[in-house]
Amino acid sequence: MAAQKPTLPKGTRDFGPADVQKRKHILNAIEKVFKKYGFMPLETPTMENLSTLEGKYGEEGDKLLFRILDSGDYLKSLKEHNDKILSDESQDATFAPSVSGKLIDLDSKAATKFISEKGLRYDLTVPFARYVVMHRNEITFPFKRYQMQPVWRADRPQKGRYREFWQCDADVVGVVGSDSLLNELDLIQIYDEAFTKLGIINYEIRINNRKVLAGIAEVVKSIDVMNNIAVAIDKLDKIGEDGVRKELGEQGFSDEELNTLFGIITIKGENKEILNQLKDKLKSSHEGLKGIEELEFILTSNPKPNINLTLDFSLARGLSYYTGCIFEVTSNDGTLKSSIGGGGRYDNLTGIFGLPNVSGVGISFGLDRIYDVMEELKLFPAQLRATSTQVLFCHFDEATLLYCLPALKLLRDAGIAAEVFPDNKKLGKQLDYANALQIPFAAIAGETEMQQQVFTVKNLITGEQQTCTIQTLIGLVGQ
RNA sequence: GUGGUUUUAGCUCAGCUGGUUAGAGCGCCUGAUUGUGGUUCAGGAGGUCGUGGGUUCGAGCCCCAUAUUCCACCCCA
């Protein structure tokens, strides 16, 4: 049999030792900040019931869910259902017999619910909401949790877009009424601290409020058209004002309505100035004014005013559960234009699961995109290596190999990562290995060294070499 | 879901209008140097050209299908 070439599913990647080190570097930095702000870790299963996932991400999101085929005879219930319909001719269902009477025209969307009941998680927020509802009696509110796990989307891969990627989420849920905007302020600080720590200095947090979007829709036409407006103006910088006018015009917006819309979203100036003007324009919308008030509070109470917070009324964010402030973070340096983080307030996510009056707000870091940005900008510290080994023991034969072993243990006992070259190979090969893995020190043991109870220690970065005892070696490396 | 693009040695890529035995650089292996890597020199191994069909006397090159890469749209971290 011909050997088959191994392949990877579309949109997934392997991560070698060096990659994992870099990814952990990012995860560690973010986790540290999360903990500092009082968030505690949570992990949820890779798969959720489709009933949990479906309908939470809009029509588009449902299409991108990875569904898991039921185990066992997964066609059984579908067949039974089909037989039932075939035997009852009066019934006009999704499954219609074809002309031949043998083949059945299956609607794959309708068939899905018969053969699949589980799916891979699409984000971390919905599983979190599910968790909160299921464990409401054990949780002390406000509940602050962070979660760093992979999620899956059946998207077409492209720049910065993968089918399997990691999100790092921090969310706060509490009872409505005590839903302080201080949470939003904290989350903004978290973004700032984490990105600064990682060296992504030139980033931008764009901020908007769903209530403002609702207010705009109300003033322009009616609150029902909020989504239409949001989707259209989200493309403003891509297709321009004319493009947006055309798109909305086709949806039945009058010129007058569009003039009102552009009168609002083209307000220019300082954040404060924009809000003042907006207040005037949205004065007839209670909802809109509430949104402005929230934005105003966040902008004026921000304890670190030099954070790059930009008001952007064209920011919509697709996930349909947001109700208040929404954020999106992008890096201004590098070629990745899509967001490396995002989040917002969702006041009623748990309501769908039968737990009303719980408000939540959260943010997400996109590990893989942060990685891409940092790789491009060369922001990873040089000391991130493929191995943590500090010292490689090199030897020439059985006797010198055995001589290395007690010294190896002493180094490890002293907390220094060390290893001995396991095979009997030429010294050059052993140093090649150390070199390839960027191990900084080689401790060479030959006849002479063994007799004198020392090692020849070579610094592989500088090329310098000295003879020293094991204790001196520990001191040398340990510093 | 729509449109485009890529696939040839371990890696990055050449390969003319279809023509005999498919090339380069890097890497790898061996040696110069039987105890010194990252420099130098000499030699060597390694490819059924993504896969399956088709056209042709003849296909890496043309046609069809399929997978895959990357990119844009949609949407999103």
Side-chain angles (χ1 to χ4, degrees), chain A residues 2-13 26 30 57-64 108-109 121-125 148-169 191 230-232 234-235 238-239 247 315-320 326-331 335-344 362-373 392 394-397 400 421 424-450 455-465 467:
Chain A
Q4 65 166 32
K5 274 187 189 166
T7 54
L8 227 40
K10 189 198 280 277
T12 65
R13 299 155 302 156
I26 300 172
I30 294 173
Y57 310 107
E59 205 179 316
E60 204 66 35
D62 278 359
K63 277 191 233 159
L64 300 181
S108 55
K109 200 179 160 194
R121 74 168 99 76
Y122 180 90
D123 72 354
L124 301 178
T125 308
M148 307 197 292
Q149 289 188 282
V151 302
W152 292 267
R153 296 182 188 177
D155 229 344
R156 279 252 189 122
Q158 57 178 276
K159 189 179 174 72
R161 173 177 297 185
Y162 308 98
R163 288 187 147 187
E164 177 182 60
F165 60 98
W166 280 59
Q167 291 191 328
C168 313
D169 275 31
Y191 266 143
V231 168
D234 190 43
K235 298 178 195 157
K238 254 179 212 160
I239 59 178
E247 190 167 322
L315 175 63
R317 290 193 62 72
L319 300 179
S320 43
I326 45 187
F327 314 105
E328 204 159 289
V329 187
T330 45
S331 167
T335 55
L336 187 71
K337 291 298 152 220
S338 31
S339 60
I340 53 178
I363 53 168
S364 179
F365 289 81
L367 169 67
D368 303 76
R369 287 183 178 174
I370 292 170
Y371 179 100
D372 290 346
V373 168
L392 176 74
C394 305
H395 47 84
F396 298 96
D397 49 33
T400 46
F421 196 86
N424 223 322
K425 281 202 178 164
K426 288 170 64 173
L427 182 56
K429 294 294 139 208
Q430 302 187 37
L431 289 175
D432 268 340
Y433 172 79
N435 213 41
L437 268 64
Q438 294 176 272
I439 297 171
F441 293 99
I444 303 165
E447 275 298 312
T448 332
E449 286 89 349
M450 187 162 63
F455 292 92
T456 297
V457 175
K458 186 179 178 88
N459 182 324
L460 291 171
I461 297 154
T462 61
E464 284 165 10
Q465 199 164 300
T467 304

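Lettering of chains follows the sequences in order, A, B, ..., and the numbering in each one begins at 1.
Here the separation of B:rC57 from B:rG25, taken at their P atoms, is 39 Å to the nearest Å. On the C1' atoms, B:rC13 is 13 Å away from B:rC49, given to the nearest whole Å. Rounded to whole Å, the separation between the P atoms of B:rC73 and B:rU68 comes to 22 Å. Atom C1' of B:rG53 sits at a distance of 14 Å from the matching atom of B:rA59, rounded to the whole Å. Atom P of B:rU6 sits at a distance of 12 Å from the matching atom of B:rC63, rounded to the whole Å. With P as the reference atom, B:rG47 and B:rG23 are 14 Å apart, rounded to whole Å. Atom P of B:rG60 sits at a distance of 13 Å from the matching atom of B:rG52, rounded to the whole Å. Only the C1' atoms considered, B:rU20 is 41 Å distant from B:rG3, to the nearest whole Å.
Of the residues listed (A:L124, A:I363, A:I30), the one engaging A:C168 in a side-chain contact (heavy atoms from CB on, under 4.5 Å) is A:I30, and it is the only one.
Proximity of A:K426 to the phosphate of B:rG31: a side-chain N or O atom is located under 4.0 Å from OP1 or OP2.
Atoms CZ (A:R161) and P (B:rA72) sit 9 Å apart, rounded to a whole Å. In this structure, A:H395 places its NE2 atom 16 Å from P of B:rU36, rounding to the nearest Å. Protein atom CH2 of A:W166 is 24 Å distant from nucleotide atom P of B:rC76, rounded to whole Å. Atom pair A:I370:CD1 and B:rA77:C1' shows a separation of 8 Å (rounding to whole Å applied). Regarding A:L460, its CG atom lies at a distance of 16 Å from the C1' atom of B:rU39, rounded to whole Å. Whole-Å rounding puts the A:R156 CZ to B:rU2 C1' distance at 7 Å. The nearest whole Å value for the distance from the NZ atom in A:K337 to the C1' atom in B:rC76 is 17 Å. Atom pair A:L427:CG and B:rG38:P shows a separation of 12 Å (rounding to whole Å applied).
Among the protein residues, A:E328 comes within range of no part of the nucleic acid, since none of its heavy atoms lies under 4.0 Å from any strand. Across all strands, A:I461 comes closer than 4.0 Å to base atoms (heavy-atom distances). Among the atoms of the strands shown, only primed sugar atoms or phosphate atoms (P, OP1, OP2) are found under 4.0 Å from some heavy atom of A:K235. When heavy atoms are screened at a 4.0 angstrom cut-off, A:G11 is found touching the sugar-phosphate backbone but no base atom. Residue A:E59 is classed as having no contact, given no heavy-atom separation below 4.0 Å to the nucleic acid. Across all strands, A:Y162 comes closer than 4.0 Å to base atoms (heavy-atom distances). Using a 4.0 Å heavy-atom cutoff across all strands shown, A:K63 reaches no nucleic acid atom at all. At a threshold of 4.0 angstrom between heavy atoms, the contacts of A:G61 with the nucleic acid are absent. Base engagement by A:G446 is indicated by at least one non-hydrogen atom pair under 4.0 Å involving a base atom. A:T7 comes within 4.0 angstrom of no nucleic acid atom, judged by non-hydrogen atoms across all strands.
The side chain of A:K458 lies closest to B:rU36 when the candidates are B:rA77, B:rU36, B:rG35. Residue A:K429 has its side chain nearest to B:rU30 when only B:rG35, B:rA77, B:rU30 are considered. The A:E449 side chain lies nearest to B:rG35 when the options are B:rG35, B:rC76, B:rU36. Looking at the side chain of A:V231, the nearest of the listed nucleotides B:rC75, B:rG37, B:rU2 is B:rC75. Nearest to the side-chain atoms of A:I444 among the listed nucleotides B:rA77, B:rU30, B:rU36 stands B:rU36. In this structure, the nucleotide among B:rG37, B:rC73, B:rA77 sitting nearest to the side chain of A:Q158 is B:rC73. In the set B:rU36, B:rC76, B:rG35, the nucleotide with an atom closest to the side chain of A:L431 is B:rU36. Of the candidates B:rU36, B:rA77, B:rU68, the closest approach to any side-chain atom of A:T456 belongs to B:rU36. Out of B:rG37, B:rC76, B:rA77, the shortest distance to the side chain of A:S338 is found at B:rC76.
The residue among A:I239 and A:K10 whose nearest nucleotide of RNA chain B lies closer to the 5′ end is A:K10.
Judged by atom type and distance alone, A:E60 does not reach the base of B:rG1 through any side-chain donor-acceptor pair under 3.5 Å. Applying the 3.5 Å distance criterion, the base of B:rU36 shares a donor-acceptor pair with the side chain of A:Q465. One cannot find a donor-acceptor pair under 3.5 Å joining the base of B:rG37 and the side-chain atoms of A:D432.
Taking CG from A:D397 and CE from A:M450, the interatomic distance works out to 6.5 Å, rounded to the nearest 0.5 Å. Between A:K429 atom NZ and A:F421 atom CZ the span is 9.5 Å, to the nearest 0.5 Å. If you take CD on A:Q438 and CD1 on A:I461, they are separated by 8.5 Å, rounding to the nearest 0.5 Å. The CD atom of A:Q167 sits 12.5 Å away from atom CE of A:M148, with the distance rounded to the nearest 0.5 Å. The distance from the CG atom of A:L437 to the CG atom of A:L460 is 11.5 Å, given to the nearest 0.5 Å.
B:rA77 has no base stacking with the ring of A:F365 when judged by centroids under 5.5 angstrom apart and an interplanar angle below 30°.
In terms of heavy-atom proximity, A:P150 sits nearest to A:E164 at CB-CG, 4.4 Å.
In terms of modelled atom types and a separation under 3.5 Å, the side chain of A:Y191 and the main chain of A:F365 share no donor-acceptor contact.
In the model, A:T456 has a side-chain atom that pairs as donor or acceptor with a side-chain atom of A:E449 under 3.5 Å.
Across the strands present, B:rU36 finds no partner; the criterion is a Watson-Crick or G-U wobble pair with both atom distances under 3.5 angstrom. Across all strands shown, B:rG60 forms no Watson-Crick or G-U wobble pair with both key distances under 3.5 Å. When both distances must be under 3.5 Å, the Watson-Crick or G-U wobble mate of B:rU51 is B:rA65.
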